[in-house]
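Okay, structure first, notes after.
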Amino acid sequence: MNETLYNYTLHLADNALILAQRNSEWCGHGPVLEQDIAITNISLDLIGQARSLYQYAAELSNNIFSSTTGARTATEDTLAYLREGRAYKNCLLVEQPNGDWAQTILRQFFFSTCQFFLYQRLQRSADSTLAAIAEKSLKEVTYHVRWSSEWVIRLGDGTEESRNRLLNALDDLWPFTGEMFTPAGYETDAVNLGFGVDVKAIKPLWEQRVNEIFAEATLSSPITGSEGVWMQSGGKEGVHTEQLGFILAEMQSMQRTFPGCEW
Amino acid sequence: MNETLYNYTLHLADNALILAQRNSEWCGHGPVLEQDIAITNISLDLIGQARSLYQYAAELSNNIFSSTTGARTATEDTLAYLREGRAYKNCLLVEQPNGDWAQTILRQFFFSTCQFFLYQRLQRSADSTLAAIAEKSLKEVTYHVRWSSEWVIRLGDGTEESRNRLLNALDDLWPFTGEMFTPAGYETDAVNLGFGVDVKAIKPLWEQRVNEIFAEATLSSPITGSEGVWMQSGGKEGVHTEQLGFILAEMQSMQRTFPGCEW
Amino acid sequence: MFPMSVQELEKIFLNKIEQEVKIEPKDWMPDAYRKTLIRQISQHAHSEIVGMLPEGNWISRAPSLKRKAILLAKVQDEAGHGLYLYSAAETLGTTREQTILDLHSGKAKYSSIFNYPTLTWGDIGAIGWLVDGAAILNQVMLCRTSYGPYARAMVRICKEESFHQRQGFDILMALSKGSPEQREMCQDAINRWWWPSLMMFGPHDGESTHSEQSTLWKIKRMSNDELRQKFVDMIAEQVKVLNMTLPDDKLKWNETTKHYDFGEINWTEFWNVVKGNGPCNKQRLDARRKAWDEGAWVREAASAHAAKRKMREEKKIA
Amino acid sequence: MFPMSVQELEKIFLNKIEQEVKIEPKDWMPDAYRKTLIRQISQHAHSEIVGMLPEGNWISRAPSLKRKAILLAKVQDEAGHGLYLYSAAETLGTTREQTILDLHSGKAKYSSIFNYPTLTWGDIGAIGWLVDGAAILNQVMLCRTSYGPYARAMVRICKEESFHQRQGFDILMALSKGSPEQREMCQDAINRWWWPSLMMFGPHDGESTHSEQSTLWKIKRMSNDELRQKFVDMIAEQVKVLNMTLPDDKLKWNETTKHYDFGEINWTEFWNVVKGNGPCNKQRLDARRKAWDEGAWVREAASAHAAKRKMREEKKIA
């Protein structure tokens with residue numbers, strides 16, 4: 001069971017960290033000062049979640065692998081900074097480039113809405129640590145959903161340009177939404193073991209919320225409009241897009257250049 | 001003397017490598033297939049030069065530091081991949097972003113024209129290895145100058161858009177040209193020791209060539225037009241722009257992630 | 001001389017094919033032959049150009065200067081191959097620009113293999129070894145194709161490709177002799193690229209749309225399945241040198257056929273990627289379109305300058 | 001009531017200044033006082049906003065998750081400070097948009113310190129310790145400035161800034177206790193940031209254009225040189241805790257003055273950077289302009305949507 005729990009926890013942590021890393025690229029470059037602050041805030045919340053999850057994963061890892069001779073002690077930082085791309089388990093959606101504001105907003109809306117329903121259920125996880133992290137994070141995620149929903153509405157029901165940009169973003173990002181609801185092996189196992197969330201069961205809730213917000217944004221439903229669109233997957237199992245390698249090269253550069261240092 | 005020679009050689013190598021790295025970003029993304037090939041070719045020539053120079057620097061380094069206990073043996077790759085930004089001695093010009101084609105062309109033209117006069121003199125260096133590398137490289141650099149000159153002329157005397165883009169590039173890059181002709185400490189020492197080239201003496205030749213090509217491009221002289229423009233410097237002494245850190249984080253990521261491996 | 005009837009022309013054409021005389025640009029040829037060739041050659045050209053992208057992705061991160069130079073030169077070679085092939089297509093009455101626009105609009109295809117991502121340095125080795133390896137078998141056959149300019153382009157390309165395959169194998173060889181992480185990287189890359197490489201030979205002979213006519217015209221001289229078997233036989237031996245395995249538990253030497261048996265390809269995935277749903281289809285086309293669109297002003301400037309220069313020279317003469 | 005004469009108004013105003021009563025937005029104030037404040041507050045706001053860039057440069061590469069979060073929060077605080085200050089400037093009758101456009105056109109200035117590049121992680125520590133340290137001395141003084149909204153903004157800002165300074169020192173502390181490379185990184189950052197930090201206090205008192213009038217109006221309550229000396233005295237002590245040195249061989253405790261003596265600032269460099277010739281002046285302004293220009297459609301969409309929503313609500317009511 002512990003290895004499933006470890007992978008499951010890492011997957012949640014990686015999602016949070018990679019999206020935080022992406023969002024933080026906006027810091028100092030946002031379209032409005034208030035929104036620069038808002039997206040940075042979301043980034044900070046996500047780093048906070050990632051840290052709690054990595055700390056827990058490190059604890060699990062040290063228990064699992066403690067017998068192995070010479071295995072280095074895991075910490076939140078070894079997990080974040082010393083795993084390669086093929087070991088990262090985030091879904092493809094969160095590693096997609098920031099693009100313009102519409103792209104960033106829609107990525108956040110799709111992800112946070114899913115994360116909201118997931119954490120809601122994870123609060124009842126048989127694993128009390130995961131349950132506690134979910135509970136603590138849910139307030140933040142509720143805000144992320146509200147903020148990104150408002151922006152989807154604003155852009156969809158704003159100017160012709162903002163509407164077109166949002167539709168372009170939809171084109172780019174939609175194929176990456178399916179993966180969130182297709183369980184990886186460790187997710188299925190986690191459900192069976194009683195501590196994981198059944199992502200398939202979340203899908204209709206997510207779709208309903210997406211439909212509602214799109215309707216308010218005066219846009220037609222992306223769900224009915226995209227039947228037959230192929231869904232990309234692989235991220236959760238470590239097969240990423242070419243984006244992730246560059247994210248990690250930059251993010252990990254200091255830890256890789258100066259191994260074993262305290263900062 | 002050997003340490004001056006080492007630094008002097010590294011400086012030449014770093015110039016070649018960083019510009020090669022920048023140019024190689026075009027590979028597969030050029031505006032015309034033939035030019036994609038041409039810029040890649042220049043990149044390849046520069047990597048070749050960098051390799052010869054790093055190999056020589058490694059040899060010098062191993063001689064200088066051989067007595068130090070436990071010092072790792074230098075190779076072309078340890079010099080390229082395991083030095084940090086503050087140890088890199090390339091001039092700021094070559095680390096500037098590719099920008100559009102005009103930016104890339106003008107950077108190449110400014111740099112290659114300087115490199116041409118420098119290598120021409122370096123052929124008569126008291127150091128026979130440097131002289132040999134210069135001689136071998138000069139044919140390549142002659143081509144780089146011709147190719148980039150032709151493009152400066154084409155863009156300057158092409159459409160209104162291409163002319164404007166070239167002038168924008170001039171605005172961005174001009175402040176980085178002065179550094180090429182302001183000797184760093186090791187350059188002055190190298191001149192005194194008889195193996196280095198006096199970059200101050202090259203300047204009028206460079207200016208004349210630039211004037212000629214700009215005139216052919218139906219543009220006014222950037223030299224007379226830019227009196228009083230402040231010249232940036234620092235790269236040769238390891239104080240770079242914020243660009244270099246990102247170049248190295250990406251370029252060195254494999255060697256840093258997998259230390260001590262053979263590839 | 002009286003103009004010949006189509007029947008007579010066709011007879012001469014088929015006779016040449018029969019006699020292994022190359023068809024040349026100025027020769028008469030059936031419309032369908034011309035069309036098939038334009039489609040195939042430009043598809044081949046596009047594959048070279050799009051194929052620059054997955055490998056190009058690792059140029060900036062190549063782990064040694066030597067590997068960087070080799071990789072850069074290789075990707076450059078592919079650009080060169082693209083040039084030869086666009087020129088060969090032009091001898092059939094199309095233009096490079098039109099051919100490229102067909103790629104960008106999605107009308108023309110390119111090899112599906114390039115719609116997979118390169119995730120590690122090991123992939124650069126695997127592409128050289130497996131993808132170029134598969135391509136070579138096809139290209140060696142095409143050196144004897146019936147259309148002269150295409151056959152001659154292939155001869156030049158083949159020389160360089162076998163070089164590339166060796167370089168790819170060499171990358172994997174270094175990994176296979178390296179640290180545990182490097183060996184893992186090697187096996188992982190082989191695992192991910194093996195099946196897509198097998199798909200490069202196209203559908204089974206029975207299901208291949210254009211194959212029969214192409215064989216009659218000697219554009220194609222071996223069937224998809226024949227070439228694929230040849231590839232499997234070759235790679236199954238070479239992988240032993242690497243001390244790695246191919247991800248197929250049905251792979252086994254068959255003493256009767258003197259060939260390797262192997263498992264069934266996932267044709268759903270194959271058709272799915274062909275249809276545009278591979279992991280990188282959109283990304284690859286977007287990258288090509290972006291390069292083309294952002295290069296428009298450069299091409300315009302070059303021709304504007306050429307026109308000005310020509311005018312000035314004419315004035316001088318007058 | 002009869003309107004008062006300018007002389008009378010000015011008397012009331014100066015009396016308030018005298019009595020340490022804050023001037024508030026609706027109070028009468030001399031035009032020059034208003035102008036000086038607008039110039040100074042918006043310059044201060046721009047410094048916060050432009051100041052996000054050099055530190056923002058290291059967010060993606062922060063060497064631990066904790067440091068990443070701290071840095072991100074810090075840069076975000078600076079955005080917040082920018083907001084307070086733009087609001088304070090608005091109470092004087094300017095708009096945020098106009099203020100920002102003045103920055104982009106080069107009409108308004110910002111602190112020159114942000115025109116130096118951040119080259120290593122050590123620079124993030126040095127900025128926190130030295131740059132924020134210098135800023136705080138200035139800001140603590142400004143908490144008692146005569147214009148109410150500015151003084152109150154400063155009180156909020158000061159609380160956060162001293163936090164930032166401690167975090168910066170903490171980064172350097174970790175480096176100073178670390179590997180030889182880390183210690184070198186620490187000393188190198190101090191070497192590069194020391195002199196520019198001293199320049200932050202502005203020219204010598206004799207050469208400072210706006211100082212005299214500002215002091216009379218109690219906008220400014222300590223001279224440039226006084227503040228600078230205070231800073232040197234503070235840092236010269238703290239650097240010992242780091243086991244590092246300041247790059248000034250004239251730095252020495254003076255028993256007579258009970259202050260540290262220190263070397264002369266390179267004023268040529270100072271004026272040069274102020275004039276726009278610092279290593280990053282162009283880069284910083286380009287980045288701000290780019291963010292603004294690329295955000296234009298977002299701001300337009302937001303106001304278009306707000307207008308639509310308002311219209312709909314009015315319709316509902318009607």
Side-chain angles (χ1 to χ4, degrees), chain A residues 17 20-38 40-41 43-44 47-48 50-51 54-55 75-77 79-81 100-102 105 150-151 153-163 165-166 217-218 247 250-255 257-258 260-263, chain D residues 45 49-73 75-80 82-83 86 96 100 120-121 171 174-175 177-179 181-182 185 287-288 290-309:
Chain A
L17 178 61
Q21 180 79 358
R22 278 295 194 207
N23 282 342
S24 75
E25 293 170 27
W26 278 106
C27 184
H29 307 275
V32 198
L33 205 43
E34 285 83 350
Q35 302 310 325
D36 199 309
I37 292 173
T40 302
N41 225 25
S43 190
L44 275 166
I47 292 179
R51 291 187 65 194
Y54 282 131
Q55 283 161 12
T75 67
E76 58 176 277
D77 287 327
L79 293 175
Y81 288 98
D100 61 11
W101 189 246
I105 287 299
E150 280 167 8
W151 268 105
I153 294 164
R154 224 169 260 141
L155 297 182
D157 186 33
T159 61
E160 204 189 318
E161 180 174 7
S162 69
R163 186 188 185 85
R165 283 177 183 260
L166 191 65
T218 72
I247 296 176
E250 191 171 314
M251 185 176 87
Q252 301 181 334
S253 57
M254 287 289 294
Q255 285 267 352
T257 302
F258 304 99
C261 288
E262 294 290 322
W263 300 97
Chain D
I49 299 307
V50 176
M52 297 170 75
L53 299 172
E55 290 176 280
N57 189 43
W58 280 88
I59 291 170
S60 66
R61 292 174 290 172
S64 76
L65 294 180
K66 190 178 147 200
R67 292 288 180 204
K68 188 192 285 286
I70 291 173
L71 178 58
L72 198 52
V75 181
Q76 190 195 32
D77 281 349
E78 284 159 10
L83 270 188
Y86 283 128
R96 197 205 296 186
I100 289 175
T120 73
W121 174 251
I171 288 176
L175 294 181
K177 289 182 186 161
S179 69
E181 287 91 348
Q182 285 178 302
M185 190 186 277
R288 287 312 312 159
K290 185 164 177 274
W292 182 256
D293 293 345
E294 290 184 355
W297 71 270
V298 179
R299 296 189 299 274
E300 279 159 24
S303 49
H305 175 72
K308 280 188 199 175
R309 171 163 285 199

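Each chain gets a letter, A, B and so on, in the order the sequences are listed, and its residues count up from 1.
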Which answer fits A:Q255, side chain, backbone, both or neither, if we ask what part of it has an atom under 4.5 Å from a heavy atom of chain D?
side chain
Proximity breakdown for A:I47 and chain D, heavy-atom pairs closer than 4.5 Å:
side chain
Please classify the contact of A:A102 with chain D as side chain, backbone, both or neither, using a heavy-atom distance under 4.5 Å.
both
Part of A:L17 within contact of chain D (heavy atom distance under 4.5 Å):
side chain
What verdict does the side-chain contact (heavy atoms from CB on, under 4.5 Å) test give for D:W121 and A:W263, after you've listed the backbone C-alpha separation in whole Å, the side-chain angles of each residue and the deciding distance to 0.1 Å?
CA-CA 10 Å; D:W121 174 251; A:W263 300 97; 3.8 Å; yes
Any chance the side chains of A:W151 and A:Q35 put a donor and an acceptor closer than 3.5 Å?
yes
Can you list the residues that meet the side-chain contact (heavy atoms from CB on, under 4.5 Å) rule with D:E294, with sequence neighbours excluded?
D:K290
Which bit of A:Q21 comes within less than 4.5 Å of chain D, counting heavy atoms only: side chain, backbone, both or neither?
side chain
Could you verify whether a donor N or O on one side chain and an acceptor N or O on the other, from A:T159 and D:E300, lie under 3.5 Å apart?
no
Proximity breakdown for A:D36 and chain D, heavy-atom pairs closer than 4.5 Å:
side chain
Looking only at D:A291, D:A301, D:A174, most heavy-atom pairs under 4.5 Å shared with chain A are made by D:A301
Which answer fits A:S253, side chain, backbone, both or neither, if we ask what part of it has an atom under 4.5 Å from a heavy atom of chain D?
side chain
